[in-house]
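Bear in mind that the values here come from a model prediction, so they are computed numbers and not experimental data.
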Amino acid sequence: MHEFSTAKGILDTILAVAKEHGAKRVAEVNLEIGPLTTLNPEQLEFSFHALSEDTMAKNAKLNISYS
């Protein structure tokens, strides 16, 4: 399930950028995914929310769009 490792990488980047900008909370995340990724959006969303549980991105709204 490469969605889990992809979600981990996305979350790590989000948290690093949020920290750089002095954020206390991440409320919403917008992802644009290309057609060749073969990512399952439901699995990606589940993985993201599971991984973000104890972070400043907990309960963040995840918007996934495909280009």
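Within the structure, side chain to side chain donor-acceptor pair (under 3.5 Å) pairs that include any residue of residues 48-60 comprise E53-K58 (at least two apart or interchain). Residue pairs meeting the side chain to side chain donor-acceptor pair (under 3.5 Å) criterion with at least one partner in residues 10-22, sequence neighbours excluded, are K8-D12.
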Side chains of residues 32-42: which donor-acceptor partners sit under 3.5 Å, not counting sequence neighbours?
from : atom 1 : to  : atom 2 : distance (Å)
T37  : OG1    : G34 : O      : 3.2
T37  : OG1    : L39 : N      : 3.4
N40  : OD1    : E42 : N      : 2.9
N40  : OD1    : Q43 : N      : 3.0

Side-chain donor/acceptor pairs under 3.5 Å, residues 22-31, sequence neighbours excluded:
from : atom 1 : to  : atom 2 : distance (Å)
E28  : OE2    : N63 : ND2    : 2.6
N30  : OD1    : N63 : ND2    : 2.8

Test log, rule side-chain contact (heavy atoms from CB on, under 4.5 Å), inputs F48 and I14 = CA-CA 11 Å; F48 177 83; I14 290 166; 3.9 Å; yes
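Transitive grouping of hydrophobic side chains (ILVMFWY, heavy atoms separated by less than 4.5 Å) brings L44 and Y66 into a common cluster.
How far CD1 of I10 is from CG of L51: 10.0 Å, rounded to the nearest 0.5 Å.
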